[in-house]
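Naming: A, B, ... by sequence-line order, numbering from 1 per chain.
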2 protein chains.
Amino acid sequence: MKRGLNETCNQFFSTLANPTRLAILELLRKGPKNVTEISKTLNQEQSMISHNLKPLENCNFVFAKRKKKERLYSLNKETIEQLFKIFAYHAEKYCPTEGKCLTDRDLQERRRKEAANRLYVTRH
Amino acid sequence: MKRGLNETCNQFFSTLANPTRLAILELLRKGPKNVTEISKTLNQEQSMISHNLKPLENCNFVFAKRKKKERLYSLNKETIEQLFKIFAYHAEKYCPTEGKCLTDRDLQERRRKEAANRLYVTRH
DNA sequence: TTTTCATATGAATGTTACTTCATATTCATC
DNA sequence: GATGAATATGAAGTAACATTCATATGAAAA
């Protein structure tokens with residue numbers, strides 16, 4: 001397959017395409033946090049936070065530095081704030097009611113329900 | 001789970017997190033194209049292109065309008081060009097050799113190979 | 001009004017990513 | 001160098017997503 005924008009670009013957006021990771025990024029906007037703090041604030045298992053921090057760090061969306069026994073994670077504000085800004089602008093303009101932006105999955109579910117409904121009407 | 005940046009944001013990035021869809025977006029930078037043209041240029045099945053155009057359209061990353069029998073898809077340049085610009089800047093700065101940005105999958109594979117190698121060495 | 005071209009849809013299957021739990025590693029302190 | 005606290009890793013199961021092939025729909029032309 002023809003791929004101009006390379007694997008790296010896919011990686012870039014894939015790393016952002018996860019609710020846990022987005023939550024981490026949003027939390028880190030407030031300032032640096034260690035793993036335990038993130039884990040507790042987001043009410044998620046520590047191992048899950050670590051697993052999700054890894055791709056964020058690989059992509060340089062967050063930076064880490066040791067502080068005694070802890071690892072302090074901080075946000076790459078330059079990149080992330082810009083991205084969130086674009087998103088916010090786009091969402092404001094195009095998804096004001098959040099009524100758009102449906103997944104295939106949503107559409108599938110909707111169809112299922114419509115079909116069930118049709119069936120229900122037909123039955124009577 | 002605590003989720004500040006909502007579902008819409010995840011959707012936003014998830015839609016971008018796919019090589020086929022990125023290829024479509026990049027192609028549309030050159031100008032509007034219909035489904036068949038996209039399909040042929042990217043050398044992908046028409047149904048696949050259609051399936052992937054749907055989320056792009058849902059998120060308003062592309063716009064569609066009829067032209068006779070065809071549907072002409074065009075880019076939401078405002079959003080997409082900005083995103084690509086940020087990505088390009090970030091990649092330039094942080095992944096100059098594309099040596100970073102490894103997935104869990106990559107790391108897993110690397111480990112497998114290393115393990116196999118260790119085993120190989122041990123055998124002799 | 002049926003034929004053809006262009007696109008969309010559905011359902012099935014394959015592929016990838018996420019989550020979890022158990023355990024390993026790392027680093028400081030005793 | 002043993003212990004404890006903080007974090008990372010591995011492997012397995014599960015859920016989500018992408019892809020494919022067959023077919024349906026829609027729009028124009030004959």
query: About how many Å separate CG of B:Asn60 and NZ of A:Lys93, when rounded to the nearest 0.5 Å?
result: 10.0 Å
query: When we call it a touch if two heavy atoms are under 4.0 Å apart, what does B:Thr36 touch: a base, just sugar-phosphate, or nothing?
result: sugar-phosphate
message: Applying side-chain hydrogen bond (donor to acceptor under 3.5 Å, both in side chains), can you list everything that pairs with B:Ser47, at least two apart in sequence or on another chain?
response: none
message: Between P on C:dT16 and CZ on A:Phe13, what's the gap in Å once rounded to a whole number?
response: 21 Å
message: Does D:dT9 have its OP1 or OP2 closer than 4.0 Å to a side-chain nitrogen or oxygen of A:Lys54?
response: yes
query: Taking only side-chain nitrogens and oxygens of B:Thr20, does any of them come within less than 4.0 Å of OP1 or OP2 of D:dT19?
result: yes
task: Not counting sequence neighbours, which residues clear side-chain hydrogen bond (donor to acceptor under 3.5 Å, both in side chains) with A:Thr36? List them please.
output: none
message: Check this one for me: any side-chain N or O of A:Arg71 less than 4.0 Å away from OP1 or OP2 of D:dA6?
response: no
message: At less than 4.0 Å, is any side-chain N or O atom of B:Asn18 found next to OP1 or OP2 of D:dA18? Yes or no.
response: yes
message: If the condition is side-chain hydrogen bond (donor to acceptor under 3.5 Å, both in side chains), which residues does A:Ser39 pass it with, not counting sequence neighbours?
response: none
Output one line per pair: protein atom, nucleotide atom from nucleotides 21-24 of chain D, and distance, for all N/O pairs under 3.5 Å.
from, atom 1, to, atom 2, distance (Å)
D:dC21, OP2, B:Glu45, OE2, 3.0
D:dC21, N4, B:Ser47, OG, 3.0

message: In this structure, how many angstroms lie between the C1' atom of C:dT20 and the CG atom of A:Asn52, rounded?
response: 12 Å
task: Name the residue closer to the 5' end of DNA chain C, choosing between B:Val35 and A:Ala17 according to the nucleotide with the nearest heavy atom.
output: B:Val35
message: Distance check needed: D:dT7 P versus A:Gln44 CD, whole Å only.
response: 16 Å
query: Which pairs pass ring pair (Phe, Tyr, Trp, His ring centres under 6.0 Å) with one or both residues in residues 9-42 of chain A, sequence neighbours excluded?
result: A:Phe12-A:Phe61, A:Phe12-B:Phe87, A:Phe12-B:His90
Interatomic distance where CD1 belongs to A:Ile24 and C1' belongs to C:dC18 [whole Å]: 13 Å
- prompt: Please, which pairs that meet salt bridge (Lys or Arg N to Asp or Glu O under 4.0 Å) have at least one residue in residues 33-53 of chain B, sequence neighbours excluded?
  reply: none
- prompt: Just how far, in rounded Å, is C1' of D:dA8 from CD of A:Glu57?
  reply: 11 Å
- request: Go through the steps to decide whether A:Leu25 and A:Leu16 satisfy the test side chain to side chain contact (heavy atoms under 4.5 Å, CB included), and finish with yes or no.
  value: CA-CA 9 Å; A:Leu25 291 175; A:Leu16 297 165; 3.7 Å; yes
Length of the CD-P vector between A:Glu7 and C:dT16, whole Å: 11 Å
message: Under the side chain to side chain donor-acceptor pair (under 3.5 Å) definition, can you give me all pairs with a residue in residues 68-77 of chain B, not counting sequence neighbours?
response: A:Tyr94-B:Asn76, B:Asn34-B:Glu70, B:Glu57-B:Arg71, B:Arg71-B:Tyr73
- request: Give the rounded distance in Å between these two atoms: CG of A:Leu53 and P of D:dA8.
  value: 7 Å
task: Would you give a per-nucleotide map of nucleotides 24-30 of chain C, 5' to 3', where B means the base has a protein non-hydrogen atom under 4.0 Å away, S means only the sugar-phosphate does, and - means neither?
output: ---BSS-
message: Give me each pair satisfying ring pair (Phe, Tyr, Trp, His ring centres under 6.0 Å) with a member in residues 26-45 of chain B, each pair once, sequence neighbours excluded.
response: none
message: Could you tell me how far apart A:Glu37 (CD) and D:dA5 (P) are, to the nearest whole angstrom?
response: 17 Å
